[in-house]
Amino acid sequence: MPETLTATREITMGEAVREALAEEMRRDPRVFVLGEDVAEAGTAFKVLNGLVNEFGPERVLDTPISEAGFTGIAVGAAMTGMRPVVDIMFGDFIGLTMDQMVNQAAKVHYMSGGKWKVPMVMRTTLGATRRSAAQHSQSLHAWFCHIPGLKVVLPSTPYDAKGLMKSAIRDENPVVFFEDKMMFRLKGPVPADEYTIPLGVADIKREGDDVTIVATSSMVQVALGAAAMLEEYGISAEVIDPRTLWPLDEKTLIESAKKTSRVIVVDEGYGRYGATAELASVIAEGAFFDLEAPVKRIGAMHVPIPFSPPLEDATVPTEKAVFEAARVLLGKN
Amino acid sequence: MPETLTATREITMGEAVREALAEEMRRDPRVFVLGEDVAEAGTAFKVLNGLVNEFGPERVLDTPISEAGFTGIAVGAAMTGMRPVVDIMFGDFIGLTMDQMVNQAAKVHYMSGGKWKVPMVMRTTLGATRRSAAQHSQSLHAWFCHIPGLKVVLPSTPYDAKGLMKSAIRDENPVVFFEDKMMFRLKGPVPADEYTIPLGVADIKREGDDVTIVATSSMVQVALGAAAMLEEYGISAEVIDPRTLWPLDEKTLIESAKKTSRVIVVDEGYGRYGATAELASVIAEGAFFDLEAPVKRIGAMHVPIPFSPPLEDATVPTEKAVFEAARVLLGKN
Amino acid sequence: MSTATFPTQTDAAAESERSLRMYRRMVMIRRFEEHVNDLYTRALMPGLAHLYIGEEAVAVGVCEALRPDDYITSTHRGHGHCVAKGAALDRMFAELLGKEAGYCKGKGGSMHIADPATGNLGANAIVAGSAGIATGAALAAKRLGNGRVCVCFFGEGALGQGVLYEVMNMAALWKLPVVYLCENNLYNEYTHYSDTTAGDILTRATGFGLRAESVDGQDVRAVYAMAQQLVDRAREGAGPSFLMANTYRFLGHHVGDVSRDYYRSKQEEQNWKGERDPIQVLREWVVSQGFPAANLDEIQEEVRSEMEKAVAFAIAAPYPPVNQVDQDVYA
Amino acid sequence: MSTATFPTQTDAAAESERSLRMYRRMVMIRRFEEHVNDLYTRALMPGLAHLYIGEEAVAVGVCEALRPDDYITSTHRGHGHCVAKGAALDRMFAELLGKEAGYCKGKGGSMHIADPATGNLGANAIVAGSAGIATGAALAAKRLGNGRVCVCFFGEGALGQGVLYEVMNMAALWKLPVVYLCENNLYNEYTHYSDTTAGDILTRATGFGLRAESVDGQDVRAVYAMAQQLVDRAREGAGPSFLMANTYRFLGHHVGDVSRDYYRSKQEEQNWKGERDPIQVLREWVVSQGFPAANLDEIQEEVRSEMEKAVAFAIAAPYPPVNQVDQDVYA
Ligand SMILES: Cc1ncc(C[n+]2csc(CCOP(=O)(O)OP(=O)(O)O)c2C)c(N)n1
Ligand SMILES: Cc1ncc(C[n+]2csc(CCOP(=O)(O)OP(=O)(O)O)c2C)c(N)n1
Ligand SMILES: [Mg+2]
Ligand SMILES: [Mg+2]
């Protein structure tokens with residue numbers, strides 16, 4: 001976070017996203033939001049509450065339940081002069097939009113030899129533990145990370161959410177913005193003044209020397225919790241949030257890995273073939289000869305997410321799991 | 001390949017797949033194929049030529065161009081007593097089926113507490129260099145590998161294709177079977193006798209001591225070509241084909257890595273956040289202290305696949321690239 | 001549960017027997033949902049709950065036309081369909097509370113109840129998510145020649161999803177025994193369906209080659225009569241159909257949706273509740289036929305105590321042991 | 001290229017001018033495709049080629065009704081649409097050969113030609129893949145108030161894809177200036193559309209609230225007249241429409257599809273080619289109007305030499321340097 005801030009308030013992550021949208025909609029008349037129940041209802045999570053009052057139903061546009069269709073409409077509108085922000089209520093529903101996002105949005109610029117551009121944002125959610133079961137709890141961002149032509153943002157604080165959302169909207173490319181459903185009420189300091197955060201710059205959420213914990217989105221708080229626990233055991237953990245998984249700030253990750261020589265990567269996506277694999281590989285490639293041990297990956301258990309609370313809780317990475325992994329890594333367990 | 005084979009013929013990969021389907025359809029009346037132009041046309045790649053003559057249009061069922069719809073139909077038919085094989089002409093089109101495959105097929109068994117089963121196969125393709133451009137050339141198998149509840153098969157020889165397809169059809173779970181479009185005409189020995197290959201068992205395609213090359217699908221031939229080149233330089237490469245990316249035969253990969261202490265992973269999917277990341281991570285986790293260098297990952301260039309031949313060729317991993325990577329890894333470049 | 005052996009409507013005794021059975025089922029659903037509301041409000045139920053109160057006649061009338069081995073697929077608002085198809089209440093409640101004794105061992109929860117024994121292919125939390133499954137079940141039924149029919153329940157919000165039209169097209173091409181049952185309760189969550197649905201719903205279905213009908217979804221007898229026609233037709237091989245049942249959810253989209261003024265008026269709700277309550281509508285008809293109201297009250301009473309036992313069972317039931325978390329991923 | 005300044009059909013001079021212009025465009029497409037066939041057969045063209053021969057009247061009649069700044073989206077069988085919308089032949093050929101001088105710097109190829117200058121949002125190799133894009137362009141046109149209309153070309157095979165209905169629904173709800181142009185050439189690849197399309201196509205569109213029409217796709221004048229009505233209507237704010245043009249591809253699904261007996265008869269092909277060739281149909285009309293056939297022959301000649309130059313340009317043009325491969329991934 002910048003050093004000199006005037007008038008910093010504590011607001012929630014949901015409010016931060018709404019502010020970013022409202023500011024960008026004021027700044028640029030081409031920006032508009034579309035999705036299911038975004039207008040009067042302000043989305044299922046109420047994050048957009050009030051936007052329709054300021055901007056009217058044409059710029060906060062309720063759609064039918066047609067994720068593929070309205071994502072495709074956003075692609076076309078983006079190509080022809082608008083800057084749409086598509087709202088996909090649950091990240092689990094992105095399966096319906098993969099063709100539009102991957103075969104269309106991500107490729108239009110390249111396939112046209114750079115002639116057409118697709119400046120759009122898809123806002124969607126990730127994160128479990130809401131007892132929403134297997135079709136409403138997934139963190140599927142790894143799919144989009146795999147696709148050239150897309151950018152992928154995973155904010156972990158209100159400050160980051162606002163600054164990154166503004167950059168995402170101003171970006172000339174399709175950007176997918178994943179918000180953790182469980183963090184909408186998380187509060188944090190956010191300056192009243194205008195600011196943006198560039199895509200592609202990791203943030204060191206906590207400095208430390210003994211172990212690096214690379215964490216994304218919901219897992220940043222988990223990592224910080226684990227770091228606090230480790231501190232009591234005399235272990236100094238550095239917590240790094242890449243903030244955008246593509247573009248990826250490899251340098252910051254690798255430098256920290258070189259410094260601490262032990263790394264844990266935590267992400268709420270399924271643990272196999274997920275974001276942790278790429279992050280671990282990038283770190284191993286860049287800091288191999290400085291590492292004391294293989295990069296430890298922690299992701300969601302490789303099972304569909306169960307409804308029953310004790311089962312669901314067992315699938316998600318916890319502070320304790322990260323704490324213990326760090327101790328094992330340091331041989332202090 | 002088994003030691004004692006009677007009556008082994010040389011057939012193509014396309015023929016091997018067709019034989020597998022025909023044999024399973026004879027064995028089990030519940031097995032049927034559905035997809036676009038599968039019947040008289042025998043698919044766009046002619047792989048199913050003649051099947052409709054033997055089994056009739058109800059068991060080789062032409063569908064409208066409705067990938068999501070007929071994949072969903074396959075899920076329902078699988079739950080209620082049939083064993084569908086869904087044909088998705090180009091792997092690029094799986095985007096249209098992600099909701100059906102991921103939110104339905106993969107989760108039905110778990111969500112129902114084990115009550116319903118979904119024994120279906122999705123056959124689709126991967127692989128570039130056909131000059132088919134960005135929407136007909138992708139290798140998107142990493143998406144499915146990420147999803148618990150699915151199995152993912154990538155055969156690299158006619159022998160493997162036949163044995164694995166038969167196992168996929170007999171499996172009680174949804175299995176996605178990726179065939180390389182460029183390999184349909186590749187010939188190889190296939191026994192006339194019945195055989196199956198279990199899912200989850202890697203195959204050592206070539207033994208070697210100095211470097212391990214883990215390669216999938218289309219990249220197995222590339223790896224073997226590179227191994228031959230390396231041999232001339234006195235470097236002995238072991239080539240391992242996991243054959244199924246999920247379940248994954250970690251043990252075989254790790255043992256080889258421990259033996260050679262240098263590993264290259266080659267896969268035709270996009271190089272970032274793809275299958276190579278998981279394979280490299282699994283190997284690093286299992287053989288870290290035996291590795292002389294970080295696992296080298298080689299995937300498709302992180303760009304949409306271009307049409308122009310010289311550009312397209314530059315995006316795909318080549319024998320030369322693997323050869324050179326191995327020499328660098330061994331410090332013999 | 002219905003069996004295919006009942007004679008036609010012309011048989012008065014059978015008709016009154018059927019009416020009482022449907023009355024009981026509707027009351028069961030109503031009571032079930034009231035308990036869900038209560039469990040949720042008491043923080044005993046995790047997750048979300050989408051109540052079916054007000055729409056009981058649709059599930060009950062349709063399932064009355066089905067054989068036990070016929071299939072249904074259901075939605076996020078699925079408790080009514082499950083009950084109507086014959087699910088056991090105790091195991092349903094147990095599932096809603098995430099208990100091991102539940103239909104899905106607690107893994108599915110409110111939005112994913114499934115039960116092979118009653119032909120329930122599963123509730124689905126993806127809007128229109130079961131359209132493909134239902135159509136595939138109909139394809140299998142046709143291929144296997146087992147005479148089964150599948151009813152695909154969905155809300156009118158699912159009309160926004162393209163996959164529905166993809167599978168209706170195939171069902172029509174292949175004459176599959178499936179009935180697409182559109183529960184038009186006027187709202188997709190918090191948006192009136194007229195803001196999301198252009199053209200004419202029945203014409204859409206006709207355009208894809210389906211027989212298309214609509215029915216008063218508050219009149220269980222009308223629903224049953226129409227459903228029976230369409231189910232019989234499907235079973236005879238005449239192909240798929242589309243039935244729109246016009247109905248209304250009396251409460252919120254989910255239990256937490258309590259301030260609804262911004263999307264619909266209290267007056268509208270009052271009108272439906274006061275004049276179009278499906279249980280009341282049937283009660284009036286039954287009484288008008290000279291059947292004593294006391295018998296209906298008795299049914300109410302029986303259901304009430306049955307329901308309380310089921311709830312108590314579920315509350316007392318244990319959670320699944322944590323080591324079950326990675327069971328049932330693969331068959 | 002058409003401009004919006006031409007007077008109405010009642011003006012005979014304008015009409016014959018238009019007819020000649022449309023004749024020229026159709027001949028251009030025909031010759032273009034013949035060259036593609038030739039280039040492909042001579043192994044000068046990489047990939048696949050889906051020829052538009054036989055369907056020329058559709059693209060030409062429709063684009064005649066468009067302003068230069070109106071949008072189109074196109075398909076895998078897209079060369080005709082690009083030419084009709086005014087693309088330069090040399091840059092089209094260059095793209096087909098993967099050359100740097102091509103419309104997409106060789107990155108797109110036959111199935112992805114796009115050109116902002118002529119309002120071409122791009123051909124698309126996903127069946128129905130551009131339905132969303134076209135509808136979004138219409139939404140933008142409406143919001144920006146620039147009076148543009150978008151025509152979404154697709155084959156009747158795209159009627160299988162649900163996303164088409166999703167976006168038609170939204171276009172109707174929001175009265176967007178878009179025309180969904182269904183080129184019904186009877187086949188989805190190697191399957192007759194009657195095996196893949198249940199019900200009635202125009203009824204489908206009507207069911208989603210669109211004005212729905214069909215037209216003889218071999219009669220360019222009829223196509224133009226109907227398209228003009230629907231485009232005008234869209235431009236005036238009256239909303240989207242659906243036009244089915246009945247046509248036929250004279251050759252294979254792609255250049256390699258030469259033995260077609262298993263899916264359609266030679267006789268059928270002969271009938272269409274002999275009696276329903278759109279160029280011949282227009283020629284006969286023009287001549288019947290007393291216009292000398294020699295002028296038409298002159299047009300043919302002009303087009304022929306123009307085409308040869310364009311091909312020569314493309315053949316001589318260099319491939320893009322390999323270092324361009326990772327350019328244009330991000331804007
Ligand atoms: C694909 C998908 N999109 C969005 C949602 C979120 N959602 C849940 S219920 C609902 C409204 C459904 O309305 P309708 O189909 O009419 O059913 P009702 O709730 O009225 O019974 C929405 C949008 C979802 N579950 N799945
Ligand atoms: C989503 C998708 N599915 C399948 C294909 C393969 N495919 C290419 S063209 C085609 C047939 C298209 O038929 P139609 O839409 O009628 O167009 P036509 O070729 O007749 O012009 C198919 C199935 C594809 N490109 N995209
Ligand atoms: Mg509804
Ligand atoms: Mg066609």
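Note that the structure is a prediction, hence the values are computed from the model and not measured. Letters go in sequence order (proteins before strands), and every chain restarts at 1.
Using bins of under 30°, 30° to 60° and over 60° for the plane-to-plane angle, the ring pair C:His254/C:His50 lands in the perpendicular bin.
Residues of residues 74-82 of chain C lying within less than 4.5 angstrom of chain B, judged on heavy atoms, are absent.
Residues C:Phe313 and C:Ala101 come closest through the heavy atom pair CZ-CB, 3.7 Å. For the residue pair B:Asn49 and B:Glu40, the shortest heavy atom distance occurs at OD1-O, 4.5 Å.
In this structure, a donor-acceptor pair under 3.5 Å is present between the side chains of C:Thr135 and C:Tyr180. In summary, the side chains of B:Thr276 and B:Asp267 do not present any donor paired with an acceptor at a separation below 3.5 Å, with no hydrogens or angles considered.
Put simply, of B:Gln104, B:Met82, B:Met79, the one with the most heavy-atom pairs under 4.5 Å next to chain C is B:Gln104. The residue among C:Gln327, C:Met168, C:Lys107 with the most heavy atom pairs within less than 4.5 Å of chain B is C:Lys107. Listed options C:Gln324, C:Met170, C:Lys105 were ranked by heavy-atom pairs under 4.5 angstrom with chain B; first place goes to C:Met170. Between chain B and the residues C:Pro116, C:Ala140, C:Ala114, the most heavy-atom pairs under 4.5 angstrom are made by C:Pro116. Ranked by heavy-atom pairs under 4.5 Å with chain B, the first of C:Asn169, C:Leu164, C:Val163 is C:Val163. Among B:Leu150, B:Leu34, B:Leu96, B:Asp171, the residue with the largest count of heavy-atom pairs under 4.5 Å with chain C is B:Leu150.
Listed for the C:Glu156 side chain is a donor-acceptor partner under 3.5 Å among the backbone atoms of C:Asn188.
If you run side chain to side chain contact (heavy atoms under 4.5 Å, CB included) between C:Ser130 and each of C:Val167, C:Ile72, C:Asn124, only C:Asn124 comes through. Considering C:Arg235, C:Arg148, C:Lys85 in turn, C:Arg235 is the only one that fulfils the salt bridge (charged side-chain N to carboxylate O under 4.0 Å, His left out) rule with C:Asp70.
Around atom NZ of B:Lys251, no more than 12 heavy atoms belonging to other residues, nucleotides or ligands sit under 6.0 Å away.
Both the backbone and the side chain of C:Val325 come within contact range of chain B, judged by heavy atoms closer than 4.5 Å. In this structure, chain B has heavy atoms under 4.5 Å from both the backbone and the side chain of C:Leu121. For chain C, the nearby parts of B:Phe70 are the backbone and the side chain; heavy atoms of each come within less than 4.5 Å. Contacts between B:Leu61 and chain C at a heavy-atom distance below 4.5 Å involve the side chain alone, from C-beta outward. Only the backbone of C:Asp115 comes within contact range of chain B, judged by heavy atoms closer than 4.5 Å. Interface residue B:Gln100: only side-chain heavy atoms are found under 4.5 Å from chain C. For B:Lys117, the part sitting under 4.5 Å from any heavy atom of chain C is the side chain, from C-beta outward, and nothing else. The contact between C:Ala137 and chain B is made by backbone and side chain atoms together, counting heavy-atom distances below 4.5 Å. With a 4.5 angstrom heavy-atom cutoff, B:Thr63 touches chain C via backbone and side-chain atoms both.
Between B:Arg170 and B:Asp28, no side-chain nitrogen of the basic residue sits less than 4.0 Å from a carboxylate oxygen of the acidic one, so the salt-bridge criterion is not met. For B:Arg30 and B:Glu24, the salt-bridge test fails: no basic side-chain N is under 4.0 Å from an acidic carboxylate O.
We find the CZ-CG distance between C:Phe153 and C:Asn120 to be 9.5 Å, quoted to the nearest 0.5 Å.
Ring centers of C:Phe208 and C:Tyr165: under 6.0 Å apart, within the cut-off.
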